[in-house]
2 protein chains.
Amino acid sequence: MSRPPKARNKALLAYCELLRRDGERATTIDAVAARAELSKGGVLYHFPSKEALAEAALEEFRLSCEQDLASMAEAAEGPARHYVRTSWTSGSDLDTYYIAMLRLAQSSWQPAVEALEWVHQAWLELIQEEVGDRYAAEAIMLIGEGLYHHSSMPGEWSRGTFARSVEHLLELVDHLKRS
Amino acid sequence: MSRPPKARNKALLAYCELLRRDGERATTIDAVAARAELSKGGVLYHFPSKEALAEAALEEFRLSCEQDLASMAEAAEGPARHYVRTSWTSGSDLDTYYIAMLRLAQSSWQPAVEALEWVHQAWLELIQEEVGDRYAAEAIMLIGEGLYHHSSMPGEWSRGTFARSVEHLLELVDHLKRS
DNA sequence: GTCTATATGGGGATAGAC
DNA sequence: GTCTATCCCCATATAGAC
């Protein structure tokens with residue numbers, strides 16, 4: 001339970017933010033070091049290889065997922081609304097790590113692919129338990145996924161277009177729950 | 001109207017397929033050459049730089065989009081259904097180039113970001129003209145986007161989960177059109 | 001724990017043979 | 001039009017000073 005040193009967390013966060021903003025190619029150890037205000041050697045002290053950074057992000061992702069699944073299951077508004085509402089980036093830890101996992105999965109990094117499949121499955125099951133209908137649950141999840149992907153896209157269009165949509169999409173979720 | 005040589009097309013296709021399957025990092029000129037069964041020099045004859053490959057993909061993307069927008073506007077089933085139905089990968093040219101643009105945009109390649117914003121806007125407008133309600137149109141588009149992103153994800157879960165969902169999602173589209 | 005070298009490999013791109 | 005050979009840079013990783 002030793003709390004990890006600050007520099008380590010800064011480097012890991014910088015790694016995830018760079019993956020999101022600039023992609024895998026630009027996410028070099030140099031870039032991570034610069035963003036975390038460390039030297040390359042400093043980063044490599046905490047993460048002996050680049051894959052170690054990915055593995056650490058994966059671990060944090062798993063932890064965030066477990067917390068998220070718990071609050072989703074407990075949410076007063078219900079799992080479906082909770083899921084869609086938090087799909088529009090709030091800057092939470094889960095967002096950060098989720099987008100990082102998406103980028104890693106898109107490079108066919110198998111551990112990320114598997115972790116995403118696991119959490120997608122879990123989300124879908126929670127939503128389906130609430131709304132009953134399988135395909136309504138899938139529709140709700142796809143809407144959330146769409147929001148997630150747009151929220152991670154560079155450029156202003158996505159932000160401007162969907163910023164005021166979440167409330168309306170939540171009404172649609174309520175509607176799908178009833179029918 | 002000179003038809004471009006076969007080798008050029010093979011290289012461009014290989015580039016897009018690699019972007020989709022392995023990501024930007026792994027999409028090296030070497031890898032493109034190997035997949036297209038050419039030498040590195042052969043690829044670099046047709047595309048003098050790596051950016052030239054991206055630009056060629058962008059150009060093909062624009063052409064595919066114009067065709068797609070035209071058939072969407074004319075579709076007997078209406079734009080919304082057409083959009084969702086074709087979001088679940090059919091292996092069309094548009095799919096190939098769209099996913100390539102997604103990957104390039106995710107690396108913050110500005111021309112790809114702008115091209116995607118343009119076509120998203122155009123899709124959304126066509127759908128909104130049909131369904132009337134702004135937020136119903138957004139929901140339909142997000143469902144399509146969600147399908148697109150899942151269809152481009154490595155691993156079997158997405159394919160297995162949504163393969164039989166499209167018909168049901170289309171019913172939901174009809175429902176949204178009416179309400 | 002963090003830094004500055006430095007070795008090594010690979011990717012992008014050029015030159016020139018065929 | 002396509003190939004091979006080569007150069008150069010940059011990213012990863014190591015060694016060792018502080």
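Computed from heavy atoms alone, side chains included, the values below leave out hydrogens, waters and symmetry copies. If you're wondering where the values come from, they're calculated on a predicted model, not measured in any experiment. Chain naming here is simple, since letters A, B, ... match the order of the sequence lines and numbering starts at 1 in each.
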Atom-to-atom span, [atom1] of [X] to [atom2] of [N] - whole angstrom:
{"X": "B:L18", "N": "C:dG11", "atom1": "CG", "atom2": "P", "value": "12 Å"}
{"X": "B:K50", "N": "C:dT14", "atom1": "NZ", "atom2": "P", "value": "15 Å"}
{"X": "A:D30", "N": "D:dC10", "atom1": "CG", "atom2": "P", "value": "10 Å"}
{"X": "B:K10", "N": "D:dG1", "atom1": "NZ", "atom2": "C1'", "value": "13 Å"}
{"X": "B:I29", "N": "D:dT4", "atom1": "CD1", "atom2": "C1'", "value": "16 Å"}
{"X": "A:K6", "N": "C:dT2", "atom1": "NZ", "atom2": "C1'", "value": "16 Å"}

**Message:** Please list, in numerical order, the residues of residues 36-48 of chain A that have a heavy atom closer than 4.0 Å to any atom of DNA chain C.
**Reply:** A:L38, A:S39, A:G41, A:G42, A:Y45, A:H46
**Request:** Look at the rings of A:W157 and A:H150 and say which category their plane angle falls in: under 30° parallel, 30 to 60° tilted, over 60° perpendicular.
**Result:**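 Tilted, since the angle between the ring planes falls between 30° and 60°.
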**Request:** Give the ring-plane orientation class for A:W123 versus A:Y148, where under 30° counts as parallel, over 60° as perpendicular and anything between as tilted.
**Result:**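 The arrangement is parallel - the two ring planes meet at less than 30°.
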**Item:** Phosphate-side-chain proximity, B:R25 and C:dG10, N/O vs OP1/OP2 below 4.0 Å
**Value:** no
**Asked** If you measure from the Lys or Arg side-chain nitrogens to the Asp or Glu carboxylate oxygens, is any gap between A:R20 and A:E17 under 4.0 Å?
**Response**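 No, no charged N to carboxylate O under 4.0 Å.
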**Basic-acidic side-chain contact under 4.0 Å: B:E66, B:R62** = no
**B:Q110 atom CD, neighbour heavy-atom count above 12 within 6.0 Å** = yes
**Message:** Please evaluate residues B:R103 and B:S152 with respect to the criterion side chain to side chain donor-acceptor pair (under 3.5 Å), reporting the C-alpha separation (whole Å), side-chain torsions for both, the decisive distance (0.1 Å), and the verdict.
**Reply:** CA-CA 10 Å; B:R103 294 293 177 266; B:S152 79; 3.2 Å; yes
**Prompt:** Where the side chain of A:A7 is defined as all heavy atoms beyond and including C-beta, which of C:dT2, C:dA13, D:dA11 is the nearest nucleotide?
**Reply:** C:dT2
